[in-house]
Amino acid sequence: MKRDLIDITDLSVQEIDRLITRAEDIIARPEEYREKCRSKKLATLFYEPSTRTRLSFESAMYELGGQVLGFSEAQSSSAMKGESVADTARTVSCFADIIAMRHPKEGAPLVASYKASVPVINAGDGGHHHPTQTLTDLLTIKQEKGRLDNLVIGCCGDLKFGRTVHSLIGAMSRYANIRFTLISPEELRVPESVRSDLLERGGIDFRETTSLEEAMPELDILYMTRVQRERFFNEDDYVRLKDSYILTPDKLRTAKHDLAILHPLPRVNEISTAIDDDPRACYFRQVLYGKFIRMALILMLLEVE
Ligand code: NCD
């Protein structure tokens with residue numbers, strides 16, 4: 001039976017750990033993987049803007065010896081003629097061995113997975129989830145901190161619409177002794193579903209605050225996020241909230257020396273470029289890890305040994 005990746009909890013902790021081990025092997029021995037997907041094709045169906053996610057999927061497939069087809073905007077696809085996601089998924093299954101789909105509507109990749117005869121990967125659905133960013137984040141944390149347990153994780157910014165945070169909480173909640181500090185303006189706190197289904201039901205230790213300064217000293221990981229302008233109902237609210245948190249060298253004075261600063265990117269204004277060369281800034285290394293973990297994921301879903 002084919003496997004899809006729609007929600008990060010579609011993967012067990014053991015499977016995630018195996019993906020990380022595989023990605024680490026790819027980093028160590030890339031030449032072993034150059035032919036693994038020869039004659040396989042990945043379709044990237046992106047109905048929403050993307051730089052990293054789409055290009056890292058494509059570069060992952062090329063580095064495995066495979067090929068890539070697809071579209072990077074809805075306007076150039078038959079969606080403009082009114083075709084449903086379900087029909088597009090069925091169609092693309094005739095051309096590709098695996099599909100990565102990004103869509104502004106929550107649940108669209110899930111619908112696609114029902115109709116596609118090949119594995120479907122959710123590359124971000126609205127304000128919902130973004131499981132491959134989370135795999136990227138986990139590989140980053142493992143590489144930078146050497147562990148995925150015993151961590152205090154601060155998530156800062158737009159925790160309401162930021163899909164990467166929702167998936168990150170879903171994944172990290174399953175490791176031992178994880179504490180979350182959720183730092184956001186009142187209006188951008190995590191949605192009720194994340195709070196009740198992932199945090200409260202899982203008995204996870206978490207607290208909410210509006211102050212980054214107050215949270216900083218205890219953090220092992222600081223996961224910064226962009227305020228998700230495209231998901232706001234009105235521009236005034238966006239303008240009022242967009243600069244709620246700006247990480248500057250000054251704010252890092254009370255941080256741990258081995259803090260790891262992550263950001264899924266794109267950054268708008270929430271991290272000063274003055275921090276980019278601080279050894280604690282992991283966000284550009286994180287981009288590269290994203291390619292390796294997507295290589296591992298493609299191999300797993302295509303059942304390539
Ligand atoms: C994120 C996304 O698309 O959700 N970007 C990404 O995939 N790296 C974060 C964002 O857009 O803010």
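Counting starts at 1 for both ligands and their atoms, following the listed order. Counting from 1, the numbers follow the sequence of the chain as shown.
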Close N or O approach (His130, ligand 1; < 3.5 Å):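 Yes, since at least one N or O of His130 sits under 3.5 Å from an N or O of ligand 1.
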If you measure only the distance, is there a donor-acceptor pair under 3.5 Å linking the side chains of [X] and [Y]?
{"X": "Asp4", "Y": "Tyr114", "answer": "no"}
{"X": "Arg280", "Y": "His257", "answer": "no"}
{"X": "His129", "Y": "Ser167", "answer": "yes"}

Aromatic plane relationship, Phe71 with Tyr47 - under 30° parallel, 30 to 60° tilted, over 60° perpendicular: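 The rings of Tyr47 and Phe71 stand perpendicular, inter-plane angle above 60°.
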Glu15 side chain near Arg3 side chain, heavy-atom distance below 4.5 Å: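 Of all side-chain heavy-atom pairs linking Arg3 with Glu15, at least one is under 4.5 Å.
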For Thr164, atoms of ligand 1 separated by under 4.0 Å from a heavy atom: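 Going through ligand 1 atom by atom, the ones under 4.0 Å from Thr164 are 1 (C), 4 (O).
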Subset of ligand 1 atoms that lie under 4.0 Å from at least one heavy atom of Gln228: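 Those qualifying, in numeric order: 10 (C), 12 (O).
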Enclosure of Arg207 CZ (heavy-atom neighbours >12, cutoff 6.0 Å):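 Correct, the count exceeds 12.
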Pro266 touching ligand 1 at heavy-atom level, < 4.0 angstrom: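 Yes; Pro266 lies near enough to ligand 1 that a heavy-atom distance drops under 4.0 Å.
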Close approach of Glu48 to ligand 1, heavy atoms, under 4.0 angstrom: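 It does not, in that no heavy atom of Glu48 comes within the 4.0 Å cut-off of ligand 1.
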Closest approach of any protein heavy atom to [atom], naming residue and atom:
{"atom": "atom 11 (O) of ligand 1", "value": "Arg226 NH2, 2.8 Å"}
{"atom": "atom 4 (O) of ligand 1", "value": "Arg163 NE, 2.7 Å"}
{"atom": "atom 5 (N) of ligand 1", "value": "Leu265 O, 2.9 Å"}

